[in-house]
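Here the structure comes first, spelled out in structure tokens, and everything after it is commentary.
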Amino acid sequence: MAHDKVKDGLVVSMEYKLTVDGEVLDSSEEAGPLQFLAGYGNIIPGLENEMMGMKIGDSKNVTVQPADGYGEFEEDAFMEVPRTEFPADMELEEGMELHVTDDDGNHQAAYVAEFDDKNVTLDFNHPLAGAVLEFSVKVVALREPTEEELDHGHVHDGDGHHH
């Protein structure tokens, strides 16, 4: 069965470029096209919605507002943590990503906003929170997902990385 349009439940390969404030932050040039399973929230909603119905070879520029991207920037998403909560031999640097577990056992990414000998300030905002995202995308291939991909709700690329 030939698939010629992006729709829920198909694996889409796309070339893309992400620009924020005129600076290219991410592009598929080096790693090759990004594959995602449409309709499963693998990519941000603002981009996924806009891609529905695109055909192979179609290109599009999509502007995604923060609410449909990585969320608004929250001033209260900062937390001060005693330096002693971190391993003594751990080298901290501003902007580094940490994975923390909250009281409910949920993993969250946090970024070191600032630190001194006593305290570390963590920022729980995504680095692109509050940003207007400019995507330039091109659909290069469409295919049916494998059983395993459907079970998991996302695509497994060869290198085992999740995007």
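FYI, side chains are in, hydrogens and waters are out, and symmetry mates aren't considered; it's all heavy atoms of this structure.
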Give me the one residue out of D116, D117, V120, N119 that meets side chain to side chain contact (heavy atoms under 4.5 Å, CB included) with R83.
-> V120
Within 6.0 angstrom of N106 CG, more than 12 heavy atoms from elsewhere = yes
Can R143 and E149 be counted as an ion pair, charged N to O under 4.0 angstrom?
-> yes
Honestly curious: do V137 and M52 fall in one hydrophobic cluster under the side-chain, below-4.5 Å linking rule?
-> yes
Can D8 and Y40 be counted as having a side-chain donor-acceptor contact under 3.5 angstrom?
-> no
With sequence neighbours excluded, tell me which residues meet side-chain contact (heavy atoms from CB on, under 4.5 Å) with E91.
-> none
When clusters are formed by joining ILVMFWY residues with side-chain heavy atoms under 4.5 Å apart, either directly or through shared neighbours, do F78 and L92 land in the same one?
-> no
For K55, does the NZ atom have more than 12 heavy-atom neighbours from other residues, nucleotides or ligands under 6.0 Å away?
-> no
Side chain to side chain contact (heavy atoms under 4.5 Å, CB included) partner of N125, chosen from Y70, F73, Y111 | F73
Say whether S28 and E15, considering side chains only, have a donor N or O and an acceptor N or O under 3.5 Å apart.
-> no
Can you establish whether the number of heavy atoms outside E29 located under 6.0 Å from its atom CD is more than 12?
-> no
Connected via hydrophobic side-chain network under 4.5 Å: V140 and Y16 | no
Is atom CD of E72 surrounded by more than 12 heavy atoms (other residues, nucleotides or ligands) closer than 6.0 Å?
-> yes
Report yes if some heavy atom in the side chain of V11 is under 4.5 Å from a heavy atom in the side chain of E144; otherwise report no.
-> no
